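Taking it in order: structure first as structure tokens, then the write-up.
Both counts, for ligands and for their atoms, begin at 1 and track the order of listing. Fair warning: this is a prediction, and the values are worked out from it, not measured in the lab.
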Amino acid sequence: MRLLLIDNSNTRTKLTLSLPGGAFQHTCWIPTADVSPEALETTLGNLSFDGAVICSVVPEKSRILHDFLAPRVPVHHLTAESPLEIGIDYPEPDRIGADRLANAVGVVARHQAPAVVIDFGTAVTFDVVSAAPSYLGGVIAPGLGAMGEYLGRKTALLPLIDLEEPAHAIGRSTVEAMRAGAVIGYRGLVREILASIRRELPGDAIAVATGGDAALIARGVPEIQRVDSELTLHGIELVGRRHFGALP
Ligand SMILES: Nc1ncnc2c1ncn2[C@@H]1O[C@H](COP(=O)(O)OP(=O)(O)O)[C@@H](O)[C@H]1O
Ligand SMILES: CC(C)(COP(=O)(O)O)[C@@H](O)C(=O)NCCC(=O)O
Ligand SMILES: [K+]
């Protein structure tokens, strides 16, 4: 079965075609703000697939995706009721972002439990999976993009900058000082949150990073063991294959 997998998150909507053996083909993304029937026709018009899995944290765009796909193929929406095959030890499972559930499923299958997934997207989310394995909860903080954008928007003299590795901690220009604040500061945020989670979580949790800013931040944080850029899509794939009874 050829499955279309969609990670509809707040900045970028990632799409890929999962082939019967599990390989990904035509992996691409469109800005979430641009998701429309026309954009989907352009992106998906020439692809053939037998089913689709939508993992969305943007309800308005989820409806557009559903209305485009449902007349064509069976569609599964990833929710807490999906065949996650991990427990959910959390007061209101329906409130957990679908992308966070996908990350939890992905980390158990591709890495190990207990685990902490750190997803560096629009928000940075920490998702904690116990040894059981069960989804326990986590942390939500502003993403790195917000750190960069905020000062550019709220001050008269600071520019909007591209976030890159700062050459020095002691910035010798406005841009370098802002990069040091964002990138070095962000690594500090991640370390402190991770250490606090590890103190509360029994066992030796692996930390796996994913999301748009994962590589930039994780390379300065030795407490993160792995970067797995396509972790969310792999979690979506597993849930979709179980739902459609089409495990490779
Ligand atoms: N080509 C790109 N376009 C947009 N954001 C990018 C790109 N490359 C890296 N990024 C970074 O990735 C972040 C978005 O990550 P992503 O995981 O796509 O977010 P989300 O899952 O919330 O949509 C942005 O804040 C930005 O800093
Ligand atoms: C926390 C999020 C905004 C992260 O979204 P992202 O940065 O991946 O676009 C999203 O998972 C969400 O809207 N969650 C619902 C609330 C929750 O998970 O508790
Ligand atoms: K995401």
Side-chain angles (χ1 to χ4, degrees), residues 5-16 27-35 39 53-63 65 77-82 84 86 88-107 116-129 135-153 160-166 178-179 181-183 185-187 189-190 193 197 208-220 224 227-237 239:
L5 313 176
I6 304 180
D7 169 8
N8 175 223
S9 291
N10 286 285
T11 300
R12 297 191 284 181
T13 294
K14 283 72 99 183
L15 305 103
T16 197
T27 306
C28 66
W29 59 272
I30 42 186
T32 295
D34 296 349
V35 169
V53 191
I54 299 174
C55 175
S56 174
V57 290
V58 188
E60 178 206 336
K61 300 298 182 181
S62 175
R63 279 188 287 277
L65 288 160
H77 288 262
L78 194 152
T79 71
E81 278 80 52
S82 296
L84 306 176
I86 61 171
I88 301 188
D89 180 1
Y90 190 80
E92 292 190 274
D94 295 342
R95 302 271 178 154
I96 306 166
D99 56 344
R100 306 180 68 190
L101 293 174
N103 285 340
V105 170
V107 82
V116 182
V117 180
I118 313 174
D119 189 334
F120 295 93
T122 316
V124 59
T125 53
F126 292 68
D127 290 301
V128 181
V129 182
Y135 182 90
L136 294 184
V139 172
I140 303 172
L144 185 64
M147 304 270 286
E149 259 178 59
Y150 183 80
L151 291 173
R153 290 198 195 290
L160 278 170
I161 56 164
D162 289 332
L163 290 175
E164 291 172 14
E165 188 70 50
M178 292 172 69
R179 284 194 176 132
V183 176
Y186 217 70
R187 289 188 181 129
L189 170 144
V190 169
I193 292 174
I197 289 173
V208 180
T210 192
D213 296 308
L216 172 63
I217 298 303
R219 69 169 171 246
I224 297 176
V227 175
D228 186 349
S229 308
E230 292 185 331
L231 182 68
T232 314
L233 285 172
H234 282 287
I236 297 169
E237 177 189 37
V239 173

Is a side-chain N or O of [X] found less than 3.5 angstrom from the main chain of [Y], in a donor-acceptor match?
{"X": "S82", "Y": "L84", "answer": "no"}
{"X": "T16", "Y": "L5", "answer": "no"}
{"X": "T210", "Y": "S229", "answer": "yes"}
{"X": "R179", "Y": "D162", "answer": "yes"}

To the nearest 0.5 Å, how far apart are [atom1] in [X] and [atom2] in [Y]?
{"X": "T13", "Y": "I6", "atom1": "OG1", "atom2": "CD1", "value": "8.0 Å"}
{"X": "D7", "Y": "L231", "atom1": "CG", "atom2": "CG", "value": "10.5 Å"}
{"X": "L101", "Y": "T79", "atom1": "CG", "atom2": "OG1", "value": "8.0 Å"}

Residue [X] vicinity, atoms of ligand 1 by number, heavy atom under 4.0 Å:
{"X": "S9", "value": "20 (P), 21 (O), 22 (O), 23 (O)"}
{"X": "N10", "value": "22 (O), 23 (O)"}
{"X": "F120", "value": "15 (O), 17 (O)"}
{"X": "T122", "value": "19 (O), 20 (P), 22 (O), 23 (O)"}
{"X": "G211", "value": "17 (O)"}
{"X": "T11", "value": "19 (O), 20 (P), 22 (O), 23 (O)"}

Purely on distance, is any nitrogen or oxygen of [X] under 3.5 Å from one on ligand 1?
{"X": "D7", "result": "no"}
{"X": "D213", "result": "yes"}
{"X": "G121", "result": "no"}

Exercise for review: Give a yes or no on whether D7 keeps an N, O or S atom under 3.4 Å from the K ion (ligand 3).
Suggested key: no

Review point. Quick check: does S9 have an N/O/S atom under 3.4 Å of the K ion (ligand 3)?
Key: yes

List ligand 2's nitrogen or oxygen atoms that come under 3.5 Å of a protein nitrogen or oxygen, with the partner atom and distance.
from, atom 1, to, atom 2, distance (Å)
ligand 2, 5 (O), N10, ND2, 3.4
ligand 2, 7 (O), T122, N, 3.3
ligand 2, 7 (O), A123, N, 2.8
ligand 2, 8 (O), D99, OD2, 2.7
ligand 2, 9 (O), N10, N, 2.9
ligand 2, 9 (O), N10, ND2, 2.8
ligand 2, 11 (O), D99, OD1, 2.8
ligand 2, 18 (O), G97, N, 2.8
ligand 2, 18 (O), R100, NH1, 2.9
ligand 2, 19 (O), R100, NH1, 3.3

Point to revise | Part of W29 with heavy atoms under 4.0 Å of ligand 1, whether side chain, backbone, both or neither | key: side chain

Practice item. Evaluate the side-chain proximity of L163 to D213: yes if any heavy-atom separation is below 4.5 Å, no if none is. Key: no

Point to revise | Of the N, O or S atoms in D99, the one nearest the K ion (ligand 3) | key: OD2

Check your understanding: By side-chain hydrogen bond (donor to acceptor under 3.5 Å, both in side chains), which residues pair with T125, not counting sequence neighbours?
Key -> none

